[in-house]
Amino acid sequence: MCTNCGCQITSGNESHIPVEKSADGAAASVLTRLMAGNDQQAEHNRMHFDQLGVLVINLMSSPGSGKTALLEATIVHGRERFRMAVIEGDLETENDSLRIRAHGVQAHQITTGSACHLDAHLVHEALHKIDFSGIDVLFIENVGNLVCPASFDLGHHLNVILLSVAEGDDKPAKYPVMFRAADVMLITKTDLSPYLDEFSNERAEQNLRNLASQVPVFQLSARNGEGIDVWLNWLDEQIQLHKHRLVNRPSFRPVRQPDAGSHATRILLRPARAVIKS
């Protein structure tokens with residue numbers, strides 16, 4: 001989390017910022033309480049999703065790595081296997097939501113203005129604008145950024161990190177906070193591989209493994225469909241596992257990286273016992 005740029009403050013949580021007056025009358029924001037408030041809201045969101053039986057996936061990557069293109073390919077190739085909805089996060093415009101809606105899928109746009117990530121309060125505002133009837137999976141396309149989004153629990157269950165062949169295979173080494181949070185890493189835009197021989201799939205995966213991560217790594221192209229079936233099979237498996245988990249054991253939080261020096265682990269939650277009232 002950027003403690004200097006103020007990126008942890010969004011339109012969704014600014015009203016929750018506690019302000020205390022010091023002896024000299026200056027206002028001091030208590031950021032640790034702000035993060036605690038985010039986590040509390042995230043658990044509320046997750047209980048809501050769990051009651052609906054919806055798996056929620058947080059898509060994170062740098063700008064232009066192909067998150068929206070991946071969603072479009074997932075809709076086209078996976079619409080017979082599961083039903084989905086999308087929350088889109090960007091600083092401005094509804095461009096990505098319009099692309100998703102063109103495929104007949106619900107998409108709600110969150111524009112953050114200046115915040116470089118989504119947070120649980122923003123997601124909570126959006127989730128009440130989506131009809132979850134029959135929905136198996138909700139994708140949250142986070143703001144393009146390889147740093148801040150990994151620090152915020154949105155109430156989701158899994159993190160999917162995209163790395164395009166145009167970015168460089170050293171990104172997991174350069175941005176370990178983000179890649180440590182991954183439940184799966186997707187190497188995207190593989191149709192460009194013949195023109196970018198400086199990118200090595202093997203080096204990219206090894207840089208991920210050097211972070212002590214053993215999560216799956218898939219290579220795919222949303223443009224020509226290469227590798228999409230492997231991604232869809234994994235996604236289908238996660239949806240089924242989530243439904244089984246909700247019946248037999250508690251749900252769980254995603255891996256979250258509070259700071260660059262922290263190695264977060266998955267924490268089991270107690271089953272939700274009360275109905276969430278919006």
Side-chain angles (χ1 to χ4, degrees), residues 55-74 77-78 117 137 139-152 156-242 252-266:
L55 175 68
V56 184
I57 294 179
N58 183 22
L59 296 178
M60 298 186 287
S61 74
S62 60
S65 64
K67 294 187 295 296
T68 310
L70 172 70
L71 290 174
E72 289 179 302
T74 302
H77 297 281
H117 61 85
V137 57
F139 290 101
I140 301 175
E141 181 178 336
N142 218 312
V143 179
N145 182 350
L146 279 178
V147 182
C148 305
S151 296
F152 288 82
H156 59 290
H157 302 104
L158 296 170
N159 290 319
V160 173
I161 314 299
L162 284 67
L163 171 64
S164 77
V165 299
E167 294 178 70
D169 50 38
D170 60 348
K171 286 298 185 290
K174 295 173 72 173
Y175 297 92
V177 173
M178 176 65 70
F179 286 90
R180 282 197 189 104
D183 290 287
V184 63
M185 183 174 82
L186 305 181
I187 298 177
T188 60
K189 300 190 177 183
T190 56
D191 54 290
L192 297 177
S193 294
Y195 313 102
L196 298 166
D197 55 6
E198 66 272 19
F199 185 96
S200 165
N201 294 327
E202 292 74 19
R203 282 198 302 268
E205 181 169 353
Q206 186 57 56
N207 282 324
L208 179 67
R209 301 300 177 222
N210 290 343
L211 302 177
S213 174
Q214 298 302 315
V215 302
V217 176
F218 303 141
Q219 302 168 28
L220 57 84
S221 167
R223 173 170 291 184
N224 64 24
E226 178 186 11
I228 292 295
D229 283 344
V230 176
W231 155 245
L232 293 179
N233 289 340
W234 179 86
L235 186 56
D236 203 3
E237 179 183 7
Q238 299 308 311
I239 292 171
Q240 299 309 314
L241 283 173
H242 184 63
F252 57 93
R253 297 180 181 133
V255 172
R256 182 166 65 89
Q257 292 290 322
D259 56 60
S262 174
H263 294 253
T265 57
R266 191 174 302 286

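All residue numbers refer to positions in the sequence shown, counting from 1.
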Report summary line: Minimal heavy-atom distance between E226 and N224, with the atoms involved, is N-OD1, 2.8 Å

Query raised in the report: Are the side chains of L163 and L208 in touch, meaning some heavy atoms are under 4.5 Å apart?
Result: no

Requested in this report: Return the minimal non-hydrogen interatomic distance between P172 and A204, and the atom names on each side.
Outcome: CG-O, 3.9 Å

Query raised in the report: Distance from I187 atom CD1 to L162 atom CG, nearest 0.5 Å?
Result: 10.5 Å

Query raised in the report: Given L146 and F179, is the side chain to side chain contact (heavy atoms under 4.5 Å, CB included) satisfied, shown in steps?
Result: CA-CA 9 Å; L146 279 178; F179 286 90; 4.1 Å; yes

Requested in this report: For residues Q238 and V184, determine if any side-chain heavy atom of one lies less than 4.5 Å from a side-chain heavy atom of the other.
Outcome: no

Query raised in the report: Distance-only, no hydrogens or angles: does the R209 side chain make a donor-acceptor pair with backbone N or O of S213 under 3.5 Å?
Result: yes

Query raised in the report: Side chains of I57 and H156: does their closest heavy-atom pair fall under 4.5 Å?
Result: no

Query raised in the report: What is the distance from atom CD1 of I161 to atom CG of D183, rounded to the nearest 0.5 Å?
Result: 8.0 Å

Query - Residue pair N201, V217: steps toward the side chain to side chain contact (heavy atoms under 4.5 Å, CB included) verdict - result: CA-CA 9 Å; N201 294 327; V217 176; over 6 Å; no

Report task. Evaluate the side-chain hydrogen bond (donor to acceptor under 3.5 Å, both in side chains) criterion for residues T190 and Q219: first the C-alpha distance (whole Å), next the side-chain angles of each, then the deciding distance (0.1 Å), finally the verdict. Result -> CA-CA 7 Å; T190 56; Q219 302 168 28; over 6 Å; no

Requested in this report: Given side-chain hydrogen bond (donor to acceptor under 3.5 Å, both in side chains), test E237 with N233 step by step and report yes or no.
Outcome: CA-CA 6 Å; E237 179 183 7; N233 289 340; over 6 Å; no

Query raised in the report: Does the side chain of F139 come within less than 4.5 Å of T74's, by heavy atoms?
Result: yes

Requested in this report: State, with a plain yes or no, whether a side-chain heavy atom of Y195 is found less than 4.5 Å away from one of V165.
Outcome: no

Query raised in the report: Which pair of heavy atoms, one from N145 and one from P63, lies closest together, and at what distance?
Result: N-CD, 4.2 Å

Report summary line: side-chain hydrogen bond (donor to acceptor under 3.5 Å, both in side chains) test vs E167 passes for just one of S61, S65, S62, namely S62

Report summary line: CG (L241) and CG (D236) are apart, to the nearest 0.5 Å, by 10.0 Å

Report task. Supply the atom-to-atom distance K174 NZ to D169 CG, rounded to the nearest 0.5 angstrom. Result -> 10.5 Å

**Report entry** Which atom of M60 lies closest to which atom of A150, heavy atoms considered
**Finding:** SD-N, 3.8 Å

**Report entry** Closest non-hydrogen atom pair, V147 against M178
**Finding:** N-CE, 3.9 Å

Requested in this report: Using a 4.5 Å cut-off on heavy atoms from C-beta on, say whether the side chain of L186 contacts that of W234.
Outcome: no

Query raised in the report: Any side-chain heavy atom of L158 within less than 4.5 Å of one from L55?
Result: yes

Query raised in the report: Heavy-atom distance under 4.5 Å between the side chains of L220 and T188, does that happen here?
Result: yes

Query raised in the report: When rounded to the nearest 0.5 angstrom, what distance separates CG in L232 from CZ in F218?
Result: 10.5 Å

Report summary line: Output for pair (I140 CD1, K67 NZ), nearest 0.5 Å, gives 13.5 Å

Query raised in the report: For the residue pair D191 and S221, what are the closest heavy atoms and their distance?
Result: OD1-OG, 2.7 Å

